[in-house]
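To start, the structure under review is shown below, and the notes come after it.
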Amino acid sequence: MPTVRRIAHEFLERNELTTIFGNPGSNELPFLAELPDTFRYVLGLHEGVVLGMADGYAQATGRPVLVNLHAAAGSGNAMGALTNAVYARSPLVLTAGQQVRSAIGMEAMLANVGATELMRPLVGWSGEPTCAADVPRSLAQAVFEAELHRRPSYLSVPYDDWAAELDPATLPTVDRTVRQGRAPDAVQLADLAARVEAARNPALVFGGDIDTAGLFDAAVRLAEHLALATWVAPSPHRLPFPNRHRLFRGVLPAGIGPLSAELAGHDLILVLGAPVFRYHQHVPGRYLPEGSTLVQVTEDASAAARAPVGEALVADPGVVIDALLTRIPARRTASGEPFGSSPEPAAGKNALHPEQVFAALRDTQPGDTAYVVESTSTNAAWWRQMDLRHGGSYFFPAAGGLGFGLPAAIGVAMARPDRPVLAVIGDGSANYGITALWTAARYRVPVTFLILRNGSYGALRWFGDLLGTPDVPGTEIDGIDFTRIAEGYGVPAASVTGDAELRTALKATAEGPRLIQIDTELTTP
Ligand SMILES: Cc1ncc(Cn2c(C)c(CCOP(=O)(O)OP(=O)(O)O)sc2=O)c(N)n1
Ligand SMILES: [Ca+2]
């Protein structure tokens, strides 16, 4: 009779979960034994890195991804990175080994006490089978829960279950398929189209889910068809619309009052694929401008339920975009070049200004480069200088949890070997996932890691001023040499100064991973 392990491997293979991101302990070895050759195990040296790589991979493929962690200690290490995956709506399937059932209550070593509660409220579903015979079904449920709700799930399995033999005839079927469709009905679509048509001055706001769902080009078609001013929702973890498009008006500010002021004059605000909204620094004010109404279209029922303002339609934004394109006559106005150009970059005094660094990226990197960005004081400079015109071009930690950038860049590069991948990482952020450099070297992942070294937690210096606490400790991190750290992990590295040296380094090609360190001037986000 087949073992639980073999049935589980067969289920995972059938559902294309054959890349496992993990860091093992003794509890996990019985699951990892006898892995079929079709599986690929990607080792990360810290569970935060494991989770970040899986998040990048899941975002770049759009598919559920298997993660294998070591009991409570490994699961706990992954929780920071897990907050990003939750808000990126990445369908991760977290599995962790557990002590044998009879040793959990006595809290023997490596017992994951309260395992199903450990990862809540972050995961959507969490389970630990009550017997070996329920492991295959539980694994299937963990996969389908993650895929249906686009929220990580967590499965804890006692390590002696995997070798148990089962009679397949007695098993709940694990070759099920589970699909969902969220198409609004004809009346809902007609109502929405009528509201957009009747609006005097509607505005579009696209969120990161538009890019995750592969709707970047559809968003451009809708904006151009309706000739509407278009924003990106605040705190974007993905770019859903070309940031140099003539209809693009910017990333909305992440304060309640400033966001509302930015949309003044628009009587209908149509939000597609975003929560309403991912505010950040608390700047109170009206949620909407006087006389404005808001309609949110999202697949994320929880985001719809928790919004503080507006109406929501829980539906596939792609279906709604298609419906608006067919139901509303085109309003094409100005023709000509749809894209504008970037302004002259601000110049640094003692080191390069981040705008100069980003202008160098724009001028030297291929147009389809996928950028993984985690440099928290340079967002304004980034959007002023970059010219991103393709879907899947921008990834940022969705919950602002640092340690995403280095690992996620590896995950994106593994998922998309057809696209160049470049990580733009602050010298603060780099330390939270630095062990990812070993994985990049070990698997020869062709990523360029660009470290912006301003010697500080720049964003916190800005927040300190904003919050009236300018003299707080713990924001200076000068003196770190990432080239020597990178070399220690096996990644070739160079430190460059000045624009010309940076451009020369960026134009060079590399077979595997490489790190470039550049000193930059401290700026405000
Ligand atoms: C896991 C984690 N720890 C701490 C923080 C707090 N934090 C920290 C420490 C920031 C500074 C990041 O510094 P950096 O060098 O990466 O980028 P800048 O200098 O451009 O801000 S921004 C921020 O929110 C965080 N977001 N996530
Ligand atoms: Ca910094």
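Heavy atoms only: backbone and side chains are in, while hydrogens, waters and symmetry mates are out. Both ligands and their constituent atoms are indexed starting at 1 by order of listing. Because the structure is a prediction, the values reported are computed rather than measured.
Counting heavy atoms closer than 4.0 Å to ligand 1, residue Ile425 contributes nothing at all. Contact annotation for Ala430 and ligand 1: no heavy atom of the residue comes within less than 4.0 Å of the ligand.
Close N/O approach between Gly401 and ligand 1 is not found [any backbone or side-chain N/O within under 3.5 Å]. Of the N or O atoms in Ser377, one or more lie within a sub-3.5 Å distance of an N or O in ligand 1. Checked against a 3.5 angstrom limit, the closest N/O atoms of Gly458 and ligand 1 fall inside it. The N/O atoms of Ile477, backbone and side chain alike, include none that comes under 3.5 Å of an N/O atom in ligand 1. Considering both main-chain and side-chain atoms, Thr378 never comes within under 3.5 Å of ligand 1 through any nitrogen or oxygen pair.
Here Ser456 reaches the Ca ion (ligand 2): one of its N/O/S atoms is less than 3.0 Å from the metal. Ser429 lies apart from the Ca ion (ligand 2) in this respect, since none of its N, O or S atoms is found at a distance under 3.0 Å.
Side-chain atoms of Thr448 and Arg514 form a donor-acceptor pair, as typed in the model, at a separation below 3.5 Å. Between the side chains of Asn112 and Ser156, no donor-acceptor pair of N or O atoms lies under 3.5 Å.
With Arg244 contributing its side chain and Arg384 its backbone, the two residues share a donor-acceptor pair below 3.5 Å.
Between the choices Asn431, Asn84, Ile480, Thr376, the shortest heavy-atom distance to atom 12 (C) of ligand 1 belongs to Thr376.
Under a cut-off of 6.0 angstrom, the local environment of CD in Glu511 is sparse, with at most 12 non-hydrogen atoms contributed by other residues, nucleotides or ligands.
The Ca ion (ligand 2) is closest to atom OD1 of Asp427 (considering only N, O or S atoms).
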